[in-house]
Each structure stands twice: as C-alpha cells, then as structure tokens.
Amino acid sequence: SPLSNCPKAVVSTQSTGTEGSATKMVEVIQGIQDIIDHKILVELILVDPASNSYIQNVYAPDEDPHLSVEEFERTAEDNDELGILEMKTEGYEEQNEQVS
C-alpha cells in the first residue's frame, strides 16, 4: 500500500473527543485507504476558479481516458472571493509614478 511507509495516526477514544467521533475518524481513514487500494471507485470533481490546480496525465503524450476537463467562466462571486473585483488593472502605473 502507498501509505505503508507513512506514520500512522493513533485514534484514541480516551482523548477529548467522544467515542462516536473517534469511530467516525477511523471510518473516514479506512474509506480513504479503500480508495487508495482501489476497493472503492470514486469520481473526483475539482472546481478551481483560480485555475491553480495541476493533475498529471500519466498517459502523456496521449490523452487520459479517465480525465475530462471543462472550462468555465468564473462567476462574480468567484471573482469577489479571489479579490479580482478589487484589483486595479488600469492606471496603476500613474499611481506608482506619483508616489516616487
């Protein structure tokens, strides 16, 4: 397993968490391990309005048959969250010259 050399997390029900939260954590970790071990198939949908993500194509230079890419226009809300609406994209050179 890819995680066999990684440090293991120790989950104790005697910590500040409840027994239910410790059990849930063990279930989540097991679920992730099942995905890694290909016992569970998942579809990962990555929405990246900033376009900062990279997913390596292991089939390169051929197309990845398991990957589809959809480009989309950012919404005004996306632009606001990214700070794009606050950016000054014109006339900023003039402002810098006045400061000097």
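Note that this is a predicted model, so its numbers are computed, not measured. Numbering starts at 1 and runs along the sequence shown.
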Point to revise | Other residues, nucleotides, ligands: >12 heavy atoms within 6.0 Å of Glu63 CD | key: no
Practice item. Say whether, by atom type as modelled, one donor and one acceptor occur between the side chain of Asp37 and the main chain of Lys39 under 3.5 angstrom. Key: no
Point to revise | Value rounded to 0.5 Å, distance of CG in Asp78 from CG in Leu85 | key: 10.0 Å
Review point. Side-chain contact, heavy-atom cut-off 4.5 Å: Val47 with Ile45?
Key: yes
Exercise for review: Enter the distance from Ile35:CD1 to Ile40:CD1 here, rounded to the nearest 0.5 Å.
Suggested key: 5.5 Å
Revision key, fill the gap. So CG of Asn79 and CD of Glu73: to nearest 0.5 Å the spacing works out to 9.5 Å
Practice item. Would you kindly confirm whether Leu82 and Phe72 end up in one hydrophobic cluster when ILVMFWY residues are joined by side chain heavy atoms under 4.5 Å apart? Key: no
Practice item. Give, for atom CD of Glu43 and atom OG of Ser68, the distance between the pair rounded to the nearest 0.5 Å. Key: 7.5 Å
**Study point:** Point-to-point distance, once rounded to the nearest 0.5 Å, from CD of Glu71 to OG of Ser51
**Key:** 7.5 Å
Point to revise | Heavy-atom check, side chain of Ile36 versus side chain of Ile32, under 4.5 Å | key: yes
Review point. Distance-only, no hydrogens or angles: does the Asn57 side chain make a donor-acceptor pair with backbone N or O of Asp62 under 3.5 Å?
Key: yes
Point to revise | Between CD on residue Gln56 and CG on residue Leu67, distance to nearest 0.5 Å | key: 12.0 Å
Practice item. State, yes or no, whether a side-chain contact exists between Leu46 and Ile55 at a heavy-atom distance under 4.5 Å. Key: yes
